[in-house]
Number of protein chains: 2
Amino acid sequence: MTIGELAQRTGLTNSRIRFYESAGLLKTVDRRPNGYRTYPPEAVLVLELITTAQKAGFSLDEIRTLLPSDLGQWNHDALIEALRRKVADIAALQTRLKQSKAQLVALIRDIEAKPDDIDCAANARRVLSHVLGNEVERPTLAAGDVKLLGKASRRRATKTG
Amino acid sequence: MTIGELAQRTGLTNSRIRFYESAGLLKTVDRRPNGYRTYPPEAVLVLELITTAQKAGFSLDEIRTLLPSDLGQWNHDALIEALRRKVADIAALQTRLKQSKAQLVALIRDIEAKPDDIDCAANARRVLSHVLGNEVERPTLAAGDVKLLGKASRRRATKTG
DNA sequence: CATAACCTTTGAGTTAAGTTGATGGTCAAG
DNA sequence: CTTGACCATCAACTTAACTCAAAGGTTATG
C-alpha cells in the first residue's frame, strides 16, 4: 500500500502519516526501490488505534511508549496502568471543572443580584470584592489545563482558495 | 508603583506584566521622565482579575474584550453573556470527559476479562476489535480540546542554576 | 567612578501536533 | 517527450502564553 492509499483508508493526510513515522509511532514502513514508502495492511489498524487513543486524551508521546511493534504483543501491565492513570487524570479534571463552573454560576448570580439602592460602579466594586476576595486555596482549573476552553474569536481563514 | 513593585504585589513576573501590556490588557501604564513604567494602585486589582479569569478558563483574548478601561464601567450584558457561554463550554467539556472516561473504564474491564481459553495475542485481537469497532458517531473528546490531559513524560529541566 | 540593582526594548525560544511550501524525483498515459 | 499525478525531503510556519537573553540606560551607594 502506498502512503496515498493508506491516507485514503484512514482519512488522514499524507503529511500526518509521515509525521507519525518521524515521531516514532509507525515502525512498519518499508521502501520500494524507487524510495516510495510501502505499508502492510495492519498499518490501517495502527493508525486507527493512534487516532482513537488521541481522542481518549492520550498524547502522541504516551501512545508511542504504549504501542508495541507487534500488534499482538502488548505490554499488558503498562497499558492497564496508563489507562488507569488517564482515568484518574480525567476525574481530576472533572473535579476542577465542576468547581470552576460553580464559581462562574455564583458570579453570574452575584452580578444579577444588584441591590436596587446602589449604582453600577458600586455594584462593580461589590462584585469585585467577592471575586478577588476568595482567592484562597480553592483549587480552580490549574494553569496549563485550561487551554481547552475559550473558542471565542478563532479567526481561522475560511480558505476558499 | 514601579513594575518590580507591582510584580511583587501580584506574584507575577516583570516580563509577564509587560507581556500583558503589549497584549492590550493593561491600559493604565504611564511613564516617568526616565522611561520607567509607573502604575496606579488599581493595577494590582486589574492583574488579579486577569489571573482569576484565566483560572476560570478565559483566554487573554477573551479577557481583553471584556475588561473595561475603567474598573467601574463594565459592559454588563457582554460580561454576563460571556460568563454564560463559558459555563456552557465547561458543561460541554464535562459531557465529553464523562464519555471518554466511561470508554476507558470499559476498555480496562474488557482487557481484564480475558477468557481463560485464549492466548494473549487472541485477546489482543478481541479487545482491538471492540476498540476500533465502535468508531461510529460517539462524541469523544474533540480534537483540540484534549491538550489538558497527558502530563506524562514532562521532562522539564529542574533548573537548579 | 565602579558596582549593583533596577529599568528599557527587541527578538528569539518554548510545547504539541501537525500543515504548508519549495524543490525535485518517478511513473503512466497520450 | 510532455503533462499530470504521484512520491520524496527539509525547513519553516501555526497557536497561546509566556520566558529568556542580549544589549544598553538609570539610580543609589561606597
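Chain naming here is simple, since letters A, B, ... match the order of the sequence lines and numbering starts at 1 in each.
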Can A/F58 and B/L104 be said to form a side-chain contact (heavy atoms from CB on, under 4.5 Å), step by step?
CA-CA 11 Å; A/F58 287 87; B/L104 289 178; 4.1 Å; yes
Go through the steps to decide whether B/K86 and B/E62 satisfy the test side-chain contact (heavy atoms from CB on, under 4.5 Å), and finish with yes or no.
CA-CA 10 Å; B/K86 191 58 58 182; B/E62 294 173 300; 3.1 Å; yes
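Candidate nucleotides C/dA17, D/dA8, D/dC18 were compared by shortest atom distance to the side chain of B/L60, and D/dC18 ranks first. Closest approach to the A/F19 side chain among D/dC18, C/dT19, C/dT9 is made by C/dT19 (side chain taken as heavy atoms from C-beta onward).
For the pair A/E5 (side chain) and A/T2 (backbone), a donor-acceptor distance under 3.5 Å is present.
The distance between atom CD1 of A/I3 and atom C1' of C/dT19, rounded to the nearest whole Å, is 14 Å. Distance CZ (A/F58) to P (C/dA17): 13 Å, rounded to an integer number of Å. For the pair B/E21 CD and D/dA17 P, the computed distance is 18 Å after rounding to whole Å. What separates CG of B/L25 from C1' of D/dC18 is a distance of 12 Å, to the nearest Å. Between the CZ atom of B/R31 and the C1' atom of D/dT26 there is a distance of 14 Å, rounded to whole Å. Taking atom CD of residue B/E62 and atom C1' of nucleotide D/dT15, one finds them 14 Å apart after rounding to whole Å. The CZ-P distance, from B/R37 to D/dG25, rounds to 17 Å in whole Å. Look at CG on A/N34: it is 13 Å from C1' on C/dA28, rounded to the nearest Å.
B/K27 NZ: more than 12 foreign heavy atoms inside a 6.0 Å radius. Around the CD atom of A/E112, the shell of radius 6.0 Å holds more than 12 heavy atoms that belong to other residues, nucleotides or ligands.
When all heavy atoms are compared, the tightest approach of A/T13 to A/A7 is C-CB, 4.2 Å.
Comparing the axis of the opening five pairs of the helix from C/dC1-D/dG30 to C/dG30-D/dC1 with that of the closing five pairs yields an angle of 40°, rounded to 10°.
In summary, of the residues considered (A/T51, A/V44, A/L45), a side-chain contact (heavy atoms from CB on, under 4.5 Å) with B/L132 occurs for A/L45 alone. With A/R18 as the fixed residue, the side-chain contact (heavy atoms from CB on, under 4.5 Å) test singles out one of A/V29, A/I3, A/L26: A/I3.
A/R32 comes within 4.0 angstrom of no nucleic acid atom, judged by non-hydrogen atoms across all strands. Within the 4.0 angstrom heavy-atom criterion, base atoms lie near B/R18.
Between the side chains of B/Q94 and A/K101, a donor-acceptor pair is found at a separation under 3.5 Å.
Of the residues in residues 8-16 of chain B, B/T13, B/S15, B/R16 come within less than 4.0 Å of DNA chain D through at least one heavy atom, sorted by number.
Side chains of B/T28 and B/S69 form no contact here, defined as non-hydrogen atoms less than 4.5 Å apart.
For B/Y20 and D/dC18, the shortest distance from a side-chain N or O to OP1 or OP2 is below 4.0 Å. Listed pair A/Q54 / C/dA16 fails the phosphate criterion, with no side-chain N or O lying under 4.0 Å from OP1 or OP2.
The nearest heavy atom of DNA chain C to A/Y36 and to A/I17 marks one nucleotide each, and the one closer to the 5' end goes with A/I17.
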